[in-house]
Amino acid sequence: MAAKPIYRVVFHQQGEVWELYVREIFQSELWGFIEVEEFVFEDGSKLVVDPSADRLRHTFDGVKRSYLPLNAIVRIDEVEREGPAKAVKSEGRVAEFPRAPMPPPRRES
C-alpha cells in the first residue's frame, strides 16, 4: 500500500509566514477556505529543538482540522517527507490576491 502523500502548506498568519506539513488537504464547504488535517511534525525528542517549530507543535496540539483562508495561502507543495515546521516574521509586503465578492443567495420563486 502506498504511503499517504505529505503536503507543505505555507501561509500568512498575523505578520508571520507559517510552514506546516499535513497529510490531508481539500477545498472546504466554507466559502473561501481550505481544510487541512492530520498535521505532521518532526520528532520532538531531539536534543536541539527549534523554538518556532515547538511553538507550532503546541499551537496545533489537539487540533483535528484547521480552516485556512484562501487569501492567506502562499503555496502548497506535495513533498516526499516532512520537514521542520517554521514560523518566521514576514519580511516583505504581500498583497492579498483580489477576488470576486461572494455571490448573493438565490431567491426561491
Side-chain angles (χ1 to χ4, degrees):
M1 182 170 147
K4 280 180 140 180
I6 296 177
Y7 301 96
R8 176 178 48 219
V9 181
V10 181
F11 61 99
H12 286 274
Q13 174 69 19
Q14 298 178 345
E16 294 182 326
V17 176
W18 287 14
E19 185 175 303
L20 295 174
Y21 292 84
V22 298
R23 291 202 183 272
E24 296 285 339
I25 183 166
F26 45 93
Q27 179 70 45
S28 176
E29 290 182 9
L30 295 172
W31 190 81
F33 288 85
I34 293 287
E35 292 183 38
V36 295
E37 297 179 350
E38 296 186 37
F39 296 94
V40 179
F41 293 98
E42 287 188 319
D43 184 19
S45 63
K46 294 180 180 178
L47 288 176
V48 178
V49 177
D50 178 15
S52 70
D54 196 46
R55 180 171 59 104
L56 290 175
R57 182 186 345 272
H58 290 298
T59 299
F60 289 96
D61 186 37
V63 175
K64 179 181 175 185
R65 176 181 303 133
S66 190
Y67 299 86
L68 304 176
L70 285 172
N71 61 330
I73 295 176
V74 175
R75 69 183 291 154
I76 299 170
D77 299 315
E78 184 175 344
V79 296
E80 291 182 12
R81 62 182 181 278
E82 73 273 6
K86 299 178 197 171
V88 296
K89 283 284 188 200
S90 180
E91 298 284 328
R93 293 179 56 192
V94 178
E96 182 178 314
F97 190 77
R99 58 185 171 179
M102 189 169 164
R106 291 185 177 177
R107 294 186 187 191
E108 298 286 329
S109 298

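This structure is a prediction, so every number in the text was calculated from the model and none was measured. What you see below is based on every heavy atom in this structure, not just the backbone, and it leaves out hydrogens, waters and symmetry mates.
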Inset, instruction - Not counting sequence neighbours, which residues clear side chain to side chain donor-acceptor pair (under 3.5 Å) with Y7? List them please. - result: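 Counting only residues at least two positions away or on another chain, Y7 forms no side chain to side chain donor-acceptor pair (under 3.5 Å).
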Legend entry - Counterpart residues, side chain to side chain donor-acceptor pair (under 3.5 Å), relative to R81 (two or more places apart):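 R81 satisfies side chain to side chain donor-acceptor pair (under 3.5 Å) with no residue once adjacent residues are dropped.
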Legend entry - Residues that, via side-chain heavy atoms closer than 4.5 angstrom, fall in one hydrophobic cluster with Y67: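 L30, F33, which link up through side-chain heavy atoms under 4.5 Å apart, make up the rest of the cluster.
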Inset, instruction - Answer yes or no: does atom CD of Q27 have more than 12 heavy-atom neighbours from other residues, nucleotides or ligands under 6.0 Å? - result: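 Yes, CD of Q27 has more than 12 neighbouring heavy atoms, counting only those of other groups under 6.0 Å.
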Inset, instruction - Report, as yes or no, whether the 6.0 Å neighbourhood of atom CD on E29 holds more than 12 heavy atoms from other residues, nucleotides or ligands. - result: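 Count not over threshold, so no.
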Verify the cluster assignment for [X] and [Y]: are they in a single hydrophobic cluster under the rule of side-chain heavy atoms below 4.5 Å apart?
{"X": "F60", "Y": "I34", "answer": "yes"}
{"X": "V40", "Y": "I25", "answer": "no"}
{"X": "V9", "Y": "F26", "answer": "no"}

Legend entry - Heavy-atom side-chain contact between L20 and V36 under 4.5 Å: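 L20 vs V36: side chains apart.
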Inset, instruction - Using the test side-chain contact (heavy atoms from CB on, under 4.5 Å), find all partners of T59 that sit at least two apart in sequence or belong to another chain. - result: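 Once residues adjacent in sequence are excluded, the partners of T59 under the side-chain contact (heavy atoms from CB on, under 4.5 Å) criterion are W18, R55.
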Legend entry - Residues forming a side-chain contact (heavy atoms from CB on, under 4.5 Å) with V79, sequence neighbours excluded: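 In terms of side-chain contact (heavy atoms from CB on, under 4.5 Å), with neighbours along the sequence ignored, V79 is linked to I6, R8, Y21, D77.
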Inset, instruction - Please collect all salt bridge (Lys or Arg N to Asp or Glu O under 4.0 Å) contacts where either partner lies in residues 63-73, sequence neighbours excluded, each pair once. - result: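 Counting only pairs at least two positions apart or across chains, the salt bridge (Lys or Arg N to Asp or Glu O under 4.0 Å) contacts touching residues 63-73 are E35-R65, E37-R65.
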Legend entry - Separation of R75 CZ from F11 CZ (nearest 0.5 Å):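 CZ of R75 is found 15.0 Å from CZ of F11.
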